[in-house]
Amino acid sequence: MTANCAARLLEHYVDNFRRLPWRSPPGEPPPDPYRVWLSEVMLQQTTVAAVTPRFERFVARWPTVEALANAPAEQVLSEWAGLGYYARARNLIACAREVAGRGGFPSTAAELRSLPGIGNYTAAAVASIAFGQDEAAVDTNVNRVVARLHAISQSTRQLTEQLVLAMVPPGRAADFTQAMMDLGATICRPRAPQCGACPLRQDCAAFASGTPDLFPARKPKRVRPKRHGTAWWIERNRCVWLVRRPIKGLLGGMAALPGSGWSEQPVRADVGALGTVRHVFTHFALSLTVVRGTRPIGEGWWQRLDTLAEAGLPTLYRRAAQVAISSSSDQRDAA
DNA sequence: TACGCGTGGTA
DNA sequence: TTACCAAGCGT
């Protein structure tokens, strides 16, 4: 059953091949391991649409892992700004330096797994796609496809990897890995799966059940608390005062506006506030009030307003800056 | 094992 | 508007 299953999946993949900047078409030599690794890290919890233009910029700026390894960390973090999950960028730098130091990427999943920012999934993806190793790359797409194929409500990583490995056609792991993810992304979707177009439906226990979308079982959602804080907009001579956040924790190592901590209590209404930004993080929602300040706070630097876009502000602070700038221009217009 | 960790698109 | 969700990893 599994052999025929994989063969139909590969045929479907070849017929519906999606050309992406980090992919080689079926039958052609594999992409540069650097490009595979970089794309896989960028794609962690991030959509293809969001990654594509950022990947192109990134490889144009640093075409090789050696180039990336020699880049200053602040420049890499700045290039990552807006992509989110900034620990990925910090681990990317550490990984690039380790790989460059050892003269290239290792080719086995076990060795890749030991590098910073490379977990089970990414190790198997790089090993299979870049090095042709028969490894089981289980991401959320593959997990869903397998859960439905076998009508398993709650699987374990170990069991899923075992089931996938049994499906991998020897020597075809590169295409197979991508075929499974494409299937999950386009047909075996979380909601409203397109079973009528699925090459695996004749083998699919969830399809047979009549309610394929119930697999795998959803996790109960957690309530998202609200937090409040203040950021200071300190402007002088067409420059604004920026700081760098502590390397650990939320937005770690990123450029930022100086500000207060974030608490459960709303900030008291500030008459002079330039505006408020509401921003939703994974585990809480933040209401950030932007207030004009007069003198620099803490260690930082003056960033020219006409180069603010290149400062590498994460989205929260990019939006806070927009609020401050548009508020200032409104005041000028009113005067 | 469960939580901390960003952001933007979609229904 | 709200809720869900996206090629996960580190601790």
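A note on names: the letters A, B, ... follow the listed sequences, proteins ahead of strands, and every chain is numbered from 1. Any value given below was found using the heavy atoms of this structure, including those in side chains, with hydrogens, waters and symmetry copies removed.
A:Arg18 and A:Thr186 form no side-chain donor-acceptor contact under 3.5 Å, judged by distance and modelled atom types alone. Side chains of A:Arg61 and A:Gln75: a donor on one and an acceptor on the other come within 3.5 Å.
Toward the 5′ end of DNA chain C lies the nearest nucleotide of A:Arg23, the other residue of the pair A:Arg23 and A:Pro116 mapping further downstream.
Listed nucleotides: C:dA7, C:dG8, C:dC5. Nearest to the side chain of A:Asp182: C:dA7. Checked against C:dG8, C:dC4, B:dG6, the side chain of A:His279 finds its nearest nucleotide in B:dG6. The side chain of A:Tyr85 sits closest to B:dG6 out of C:dA7, B:dT7, B:dG6. Of the listed nucleotides (B:dG8, B:dG6, C:dC9), C:dC9 has the atom at the smallest distance from the side chain of A:Tyr121. Checking C:dA7, B:dG6, C:dA3 against every side-chain atom of A:Arg88, the shortest atom distance belongs to B:dG6. Of the candidates B:dC3, B:dG6, C:dA7, the closest approach to any side-chain atom of A:Arg222 belongs to B:dC3. The side chain of A:Asn91 lies closest to C:dG10 when the candidates are C:dA7, B:dT7, C:dG10. Residue A:Pro190 has its side chain nearest to C:dC5 when only C:dA7, B:dC5, C:dC5 are considered. Here the side chain of A:Arg144 is nearest to one of C:dA7, C:dA3, B:dT7, namely C:dA7. Of the candidate nucleotides C:dC5, B:dG6, C:dA7, C:dC5 has the atom lying nearest to any side-chain atom of A:Arg218.
Using a 4.0 Å heavy-atom cutoff across all strands shown, A:Trp37 reaches no nucleic acid atom at all. The residue A:Ile129 sits apart from the nucleic acid: no heavy atom pair falls under 4.0 Å. Contacts of A:Thr140 with the nucleic acid, taken as non-hydrogen atoms under 4.0 Å apart, involve only primed sugar atoms and P, OP1 or OP2. Contacts of A:Ile118 with the nucleic acid, taken as non-hydrogen atoms under 4.0 Å apart, involve only primed sugar atoms and P, OP1 or OP2. When heavy atoms are screened at a 4.0 angstrom cut-off, A:Val280 is found touching base atoms of the nucleic acid. Looking at heavy-atom distances under 4.0 Å, A:Gly82 makes contact with sugar-phosphate atoms alone, never a base. At a threshold of 4.0 angstrom between heavy atoms, the contacts of A:Arg278 with the nucleic acid are absent. At a threshold of 4.0 angstrom between heavy atoms, the contacts of A:Thr282 include nucleobase atoms, whether or not backbone atoms are also involved.
Of the P atoms belonging to C:dA7 and B:dT10, the separation is 14 Å, rounded to the nearest Å. Atom name P, nucleotides B:dC3 and C:dC4: the rounded distance is 16 Å, in whole Å. Comparing the C1' positions of B:dG6 and C:dC5 gives a spacing of 13 Å, expressed to the nearest Å.
Ring centroids of A:Phe281 and A:His283 are separated by 6.0 Å or more, keeping the two rings apart.
Look at CG on A:Leu316: it is 13 Å from P on B:dC5, rounded to the nearest Å. Atom CG in A:Asn143 sits roughly 13 Å away from atom C1' in C:dA7 (whole-Å rounding).
A salt bridge links A:Arg172 with A:Asp175: at least one charged nitrogen is closer than 4.0 Å to a carboxylate oxygen.
Aromatic ring pairs are classed by plane angle as parallel below 30°, tilted from 30° to 60° and perpendicular above 60°; the pair A:Trp262 and A:Phe284 is tilted.
Applying the 4.0 Å criterion to OP1 and OP2 of C:dG8, one finds that A:Gln45 has a side-chain N or O inside that range.
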